[in-house]
*Asks:* 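Below is one structure. I have some questions about it.
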Amino acid sequence: MKGAIIIVFGLMLLPLVGLSQRILPVPKNGNVYVIAHRGVHNGIPENSLPAYQKAIDIGCDFVEIDVRTTKDGHLVSVHNNTIDAYVEGRSGKVKDLTLAELKALDIGVKVGDNWKNTRIPTLEEILELCQGKIGIYLDLKDADPSVIIPMLRKYEMAEQVVWFLYGMDRKNIQQIQSECPECIPMPDPGEEKNLNKLLDTFQLDVIGSGMRNYSKSFGETAHAKGTMVFVDDSEDDPQALMREWKTMLDWKADGIQTDQPEELIQLLKGLNSH
């Protein structure tokens, strides 16, 4: 899903929309969840353990990770399907490289000398870091849910991970719900005209969306059926982004995914102080 971060309204909203008793932890910054897209990666290598640690340090509720499978069957977090953008002098698809080959790559040197020797993290390393500290927004890029689910259970994080999927991905939605009833699939229906069909087909606690498709009526329809909505922001200009966040809040988005989580937390704290 596009690099972005999601905010989700907290417990004070849940009874109003009739969500199930299996709910996410209380938001740390008022009544919404802040989701750091690819971690806090401004000046830090994206999808890296330092980016995820920074999200923990500043008080985000979720980190977004992009799960892919290596040639030898290991799970790693890399957004692109190739390594080309992250390293100097190497290219190739993640799925065509072994974990050892990927671990040999330095994904920090292109960002800055102080990040030299930063490595691509495995899913297990991410779970070890995040357990008990922050939730995970799992973008299922190229991986088998059957391999991921036991790892989430090992770290007791099945109920702290939301799985981003596309609404037409019926196979993975059904597989996750069947193999892991406590897991939280979060499909994106795309255009609002697809919303009712998705909600009528699957029992969902949360769905994803982006501002290109989200609207006040979109949120109202989802909430009427007991479903929260995590929304990706879309603006790059700081002033436009601030206006967009306020619109999301006015339209009662339950979650916002963003590349600017520090600024979003500042906004929320300011609103809460009033």
Side-chain angles (χ1 to χ4, degrees), residues 1 5-8 10-11 14 19-29 32-41 46-70 73-79 99 119-165 169 172-187 203-208 227-228 230 254-257 261:
M1 195 171 190
I5 291 179
I6 295 179
I7 303 171
V8 183
L11 295 181
L14 298 183
L19 294 172
S20 70
Q21 291 185 351
R22 184 198 67 214
I23 52 178
L24 299 169
V26 176
K28 299 173 184 175
N29 302 284
V32 295
Y33 296 107
V34 175
I35 299 130
H37 176 249
R38 308 185 201 180
V40 180
H41 60 86
E46 68 177 42
N47 288 98
S48 68
L49 293 181
Y52 299 142
Q53 181 63 57
K54 181 70 172 180
I56 293 170
D57 294 342
I58 69 171
C60 295
D61 298 288
F62 290 86
V63 289
E64 187 259 359
I65 70 175
D66 299 286
V67 181
R68 296 186 181 277
T69 307
T70 68
H74 293 275
L75 300 175
V76 294
S77 180
V78 183
H79 180 270
L99 179 61
R119 307 297 169 177
I120 291 171
T122 64
L123 176 58
E124 189 147 16
E125 287 172 333
I126 295 168
L127 293 173
E128 288 176 351
L129 176 68
C130 295
Q131 184 184 36
K133 301 172 186 174
I134 195 168
I136 292 175
Y137 176 114
L138 191 159
D139 190 335
L140 191 67
K141 295 291 190 188
D142 179 21
D144 184 350
S146 294
V147 179
I148 297 173
I149 289 168
M151 297 179 68
L152 300 187
R153 286 175 169 159
K154 174 183 176 181
Y155 288 92
E156 300 181 341
M157 288 198 68
E159 295 182 13
Q160 282 76 55
V161 175
V162 295
W163 300 61
F164 175 77
L165 307 150
D169 190 359
N172 280 323
I173 298 171
Q174 291 171 335
Q175 181 179 355
I176 293 166
Q177 290 186 325
S178 174
E179 296 182 15
C180 185
E182 72 273 28
C183 285
I184 308 173
M186 185 184 63
Q203 183 177 353
L204 299 166
D205 290 325
V206 57
I207 57 175
T227 303
M228 296 187 292
F230 290 2
D254 299 291
I256 295 173
Q257 178 176 214

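Here the structure is a predicted model, which is why all the values come from computation and not from measurement.
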*Asks:* Rounded to the nearest 0.5 Å, how far apart are OG of S77 and NZ of K141?
*Replies:*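 Answer for the OG-NZ pair, S77 versus K141, is 10.0 Å.
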*Asks:* From C130 SG over to E125 CD, what is the distance, rounded to the nearest 0.5 angstrom?
*Replies:* 11.5 Å
*Asks:* Could you walk me through whether I148 and L140 pass the side-chain contact (heavy atoms from CB on, under 4.5 Å) test, one step at a time?
*Replies:* CA-CA 10 Å; I148 297 173; L140 191 67; 3.5 Å; yes
*Asks:* Indicate the atoms forming the closest heavy-atom contact of C180 with R153, along with that distance.
*Replies:*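 So the minimum-distance heavy-atom pair works out to CA-NH2, 3.4 Å.
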*Asks:* Please report the C-alpha distance between D139 and V67 in whole Å, then the side-chain angles of each, then the deciding distance to 0.1 Å, and finally whether the side-chain contact (heavy atoms from CB on, under 4.5 Å) criterion is met.
*Replies:* CA-CA 6 Å; D139 190 335; V67 181; over 6 Å; no
*Asks:* Where do P27 and V32 come nearest, in terms of heavy atoms and distance?
*Replies:*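 Minimum heavy-atom separation between P27 and V32: CB-O, 3.1 Å.
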*Asks:* Does any N or O in the side chain of Q131 come within less than 3.5 Å of the main-chain N or O of Y155, such that one atom is a donor and the other an acceptor?
*Replies:*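 Present.
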*Asks:* Please report the shortest heavy-atom distance between S178 and P181, naming the atom on each side.
*Replies:* O-CD, 4.2 Å
*Asks:* Which of these, N172, I173, I176, V206, sits in a side-chain contact (heavy atoms from CB on, under 4.5 Å) with P187?
*Replies:*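 Testing each of N172, I173, I176, V206 against P187, the sole residue satisfying side-chain contact (heavy atoms from CB on, under 4.5 Å) is I173.
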*Asks:* L127 and K154: side-chain contact (heavy atoms from CB on, under 4.5 Å), yes or no, with the steps?
*Replies:* CA-CA 9 Å; L127 293 173; K154 174 183 176 181; over 6 Å; no
*Asks:* Within a reach of under 6.0 Å around CD of E156, are more than 12 heavy atoms found that belong to other residues, nucleotides or ligands?
*Replies:*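 Atom CD in E156 is not crowded, with 12 or fewer foreign heavy atoms closer than 6.0 Å.
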*Asks:* Spell out, as yes or no, whether a donor-acceptor pair under 3.5 Å connects the side chain of D66 to the backbone of N47.
*Replies:*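 Pair absent, no side-chain N/O of D66 close to backbone of N47.
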*Asks:* Using modelled atom types only, decide if a donor and an acceptor are shared between the side chain of R68 and the backbone of V78 within a distance under 3.5 Å.
*Replies:* yes
*Asks:* Measuring from E179:CD to I149:CD1, what's the distance to the nearest 0.5 Å?
*Replies:* 4.5 Å
*Asks:* Are any side-chain N or O atoms of Q177 and backbone N or O atoms of Q203, one a donor and one an acceptor, separated by less than 3.5 Å?
*Replies:* yes
*Asks:* Is a donor on one side and an acceptor on the other found under 3.5 Å between the side chain of T69 and the backbone of D142?
*Replies:*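 Yes, the answer is positive, given that a donor and an acceptor are paired below the 3.5 Å cut-off.
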*Asks:* List the atom of L99, the atom of T122, and the distance in Å for their closest heavy-atom pair.
*Replies:* CD1-CG2, 3.8 Å
*Asks:* Would you give the length of the straight line joining atom CE of M151 to atom CD1 of I126, rounded to the nearest 0.5 angstrom?
*Replies:*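 It comes to 9.0 Å.
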*Asks:* Strictly distance-based, threshold 3.5 Å: is any side-chain N or O of D61 a donor or acceptor partner for the main-chain N or O of K28?
*Replies:* yes
*Asks:* Nearest 0.5 Å, what's the CD-CE distance between E182 and M157?
*Replies:* 13.0 Å
*Asks:* CD of Q160 to CG of L24: how many Å apart, nearest 0.5 Å?
*Replies:*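 Answer for the CD-CG pair, Q160 versus L24, is 7.5 Å.
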*Asks:* So among R38, H41, H79, which one has a side chain to side chain donor-acceptor pair (under 3.5 Å) with E46?
*Replies:*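 Of all the options given, the one that passes is R38.
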*Asks:* Would you sort out whether Y52 and I65 count as a side-chain contact (heavy atoms from CB on, under 4.5 Å), showing the intermediate values?
*Replies:* CA-CA 9 Å; Y52 299 142; I65 70 175; 3.4 Å; yes
*Asks:* Considering non-hydrogen atoms only, spot the tightest contact between L138 and V161 and give its length.
*Replies:*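 Scanning both residues completely, I find the closest heavy atoms to be CB-CG1, 3.8 Å.
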*Asks:* Over all heavy atoms of both residues, which pair between F62 and I136 is shortest? Give the atoms and the distance, please.
*Replies:*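 For F62 and I136, the tightest heavy-atom pair comes out as CD2-N, 3.5 Å.
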*Asks:* How about I56 and L129: do any of their side-chain heavy atoms sit closer than 4.5 Å?
*Replies:*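 I56 vs L129: side chains touch.
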